[in-house]
2 protein chains.
Amino acid sequence: MHQKKAQNSEIDNLDIQILSILMKNATTPYTEIAKELIVSGGTIHVRMKKLEDLGIIKGANLEINPQKLGYDVCAFLGIFLEKGSQYNNAVKQLKTVNEIVELHYTTGSWSIFAKIICRDTTHLREILNEQIQSVEGIQRTETFISLEESIKRQITLD
Amino acid sequence: MHQKKAQNSEIDNLDIQILSILMKNATTPYTEIAKELIVSGGTIHVRMKKLEDLGIIKGANLEINPQKLGYDVCAFLGIFLEKGSQYNNAVKQLKTVNEIVELHYTTGSWSIFAKIICRDTTHLREILNEQIQSVEGIQRTETFISLEESIKRQITLD
DNA sequence: GTTGAAAAGTGCTGCGA
DNA sequence: TCGCAGCACTTTTCAAC
């Protein structure tokens with residue numbers, strides 16, 4: 001067993017096992033987790049409260065299939081800023097674009113890297129032209145369309 | 001039961017409203033959703049079952065904070081293949097790399113685009129050298145490290 | 001398809017070890 | 001600190017509309 005780093009000193013093996021089970025299926029009942037790990041339901045409850053208080057668990061998300069709701073196009077955008085200092089302001093404006101689901105400040109060619117989900121290529125072009133390239137500080141963008149999402153999962157805990 | 005066409009024909013406004021509420025907070029009780037939308041709890045249950053059967057809801061995920069568990073580095077990889085035909089085989093091997101949380105087949109410079117979460121830069125280099133660049137068919141990779149994740153959310157339904 | 005209420009199962013709290 | 005047991009709440013089912 002490896003030693004835990006500073007921030008995880010309060011987390012033991014049981015916590016990790018609970019997280020592992022819930023990360024596979026967030027709707028697993030506490031009683032079933034308790035049975036599997038051979039502890040009481042109350043213990044699971046206490047541990048979950050601790051994990052939430054520590055900010056390790058941020059909440060639960062419904063995993064949906066955007067394609068079945070008519071959102072067929074997933075794309076990645078590399079965004080060039082005129083000046084790096086415009087990052088905060090650009091992000092503030094990009095937050096209003098609902099189709100952007102992920103946005104990172106990255107090393108490398110671009111300043112901003114974003115993931116975007118939209119209905120079709122027409123919708124994508126509209127968003128690029130009307131909502132993204134008009135943001136102050138954005139110089140130009142490069143677009144990569146995802147033709148297939150082959151992996152989509154969470155990290156595995158040791 | 002076996003219709004596979006026009007994605008939204010079976011989905012009405014009530015379904016969308018239920019999804020919208022649950023996408024904000026997946027732990028919202030059915031009774032509360034029912035109260036908010038002024039229908040009975042049983043109806044919510046029937047609709048949820050329908051949405052699951054249609055594959056629109058794929059499940060629920062626990063949203064965790066990887067940084068608090070010692071996973072501090074998030075990076076994106078552009079992967080060049082020697083030949084595009086090696087995609088399926090490369091994906092099969094990359095699936096065994098647990099640190100890869102997302103993988104896409106994309107247009108543009110690269111054949112494969114991946115998102116990877118690991119403990120630190122040493123861990124990242126190990127994965128790149130030992131597990132990714134040794135995969136058959138992979139020519140070379142380009143790495144972008146995310147210094148900050150400013151947006152992380154789901155699509156908003158109309 | 002929807003409703004309302006009963007039945008079954010789960011989450012929460014306090015007491016005891 | 002952990003486990004057990006009782007209470008409150010939620011999910012699920014089903015007859016009736």
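As a basis for the values below, the full set of heavy atoms in this structure was taken, side chains included, without hydrogen atoms, waters or symmetry mates. Chain letters run A, B, ... following the sequence lines, proteins first and then strands; every chain starts at 1. Everything numeric here is computed off the predicted structure, so don't read it as measured data.
In this structure, A:H104 has its ring center no closer than 6.0 Å to that of B:F144.
Annotation: side chain of A:L19 is in contact with side chain of B:L62 (closest heavy-atom distance under 4.5 Å).
Between D:dC2 and A:T43, no contact under 4.0 Å exists linking OP1 or OP2 to a side-chain N or O. Close to D:dC2, at under 4.0 Å from its OP1 or OP2, lies a side-chain N or O of A:R47.
Atom CD of A:E52 is separated from atom C1' of C:dC12 by 13 Å (rounded to the nearest Å). As rounded to whole Å, 13 Å separates atom C1' of C:dG1 from atom CD1 of B:I18. The distance from atom CG of B:L37 to atom C1' of C:dT3 is 15 Å, rounded to the nearest whole Å. In this structure, A:K50 places its NZ atom 13 Å from C1' of D:dC2, rounding to the nearest Å. Atom-to-atom, CE of B:M48 to P of C:dT2 comes out at 15 Å; the value is rounded to the nearest Å. Atom-to-atom, CD1 of B:I44 to C1' of D:dT13 comes out at 16 Å; the value is rounded to the nearest Å. If you take NZ of A:K49 and C1' of D:dT1, they are 16 Å apart, rounded to a whole angstrom.
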Next on the checklist: Does the protein touch nucleotides 5-11 of chain D at the base, only the backbone, or not at all? Give it as B, S and - per nucleotide, heavy atoms under 4.0 Å.
Outcome noted: -----SB

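The NE2 atom of A:H123 lies 11.5 Å from the CD1 atom of A:I117; values are rounded to the nearest 0.5 Å.
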Item to check | Stepwise salt bridge (charged side-chain N to carboxylate O under 4.0 Å, His left out) check, B:K115 with A:E102 | outcome: CA-CA 12 Å; B:K115 181 180 178 181; A:E102 221 171 298; 2.5 Å; yes

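Looking at heavy-atom distances under 4.0 Å, B:V39 makes contact with sugar-phosphate atoms alone, never a base.
Annotation for A:R47 and A:D12: closest pair NH1-OD1, 2.9 Å, computed over non-hydrogen atoms. The shortest non-hydrogen separation linking B:N98 to A:R153 is CA-NH2, 3.7 Å.
The side chain of A:S40 lies closest to D:dG3 when the candidates are D:dG3, C:dT3, D:dC2.
Using modelled atom types, no side-chain atom of A:T43 and backbone atom of A:V39 make a donor-acceptor pair closer than 3.5 Å.
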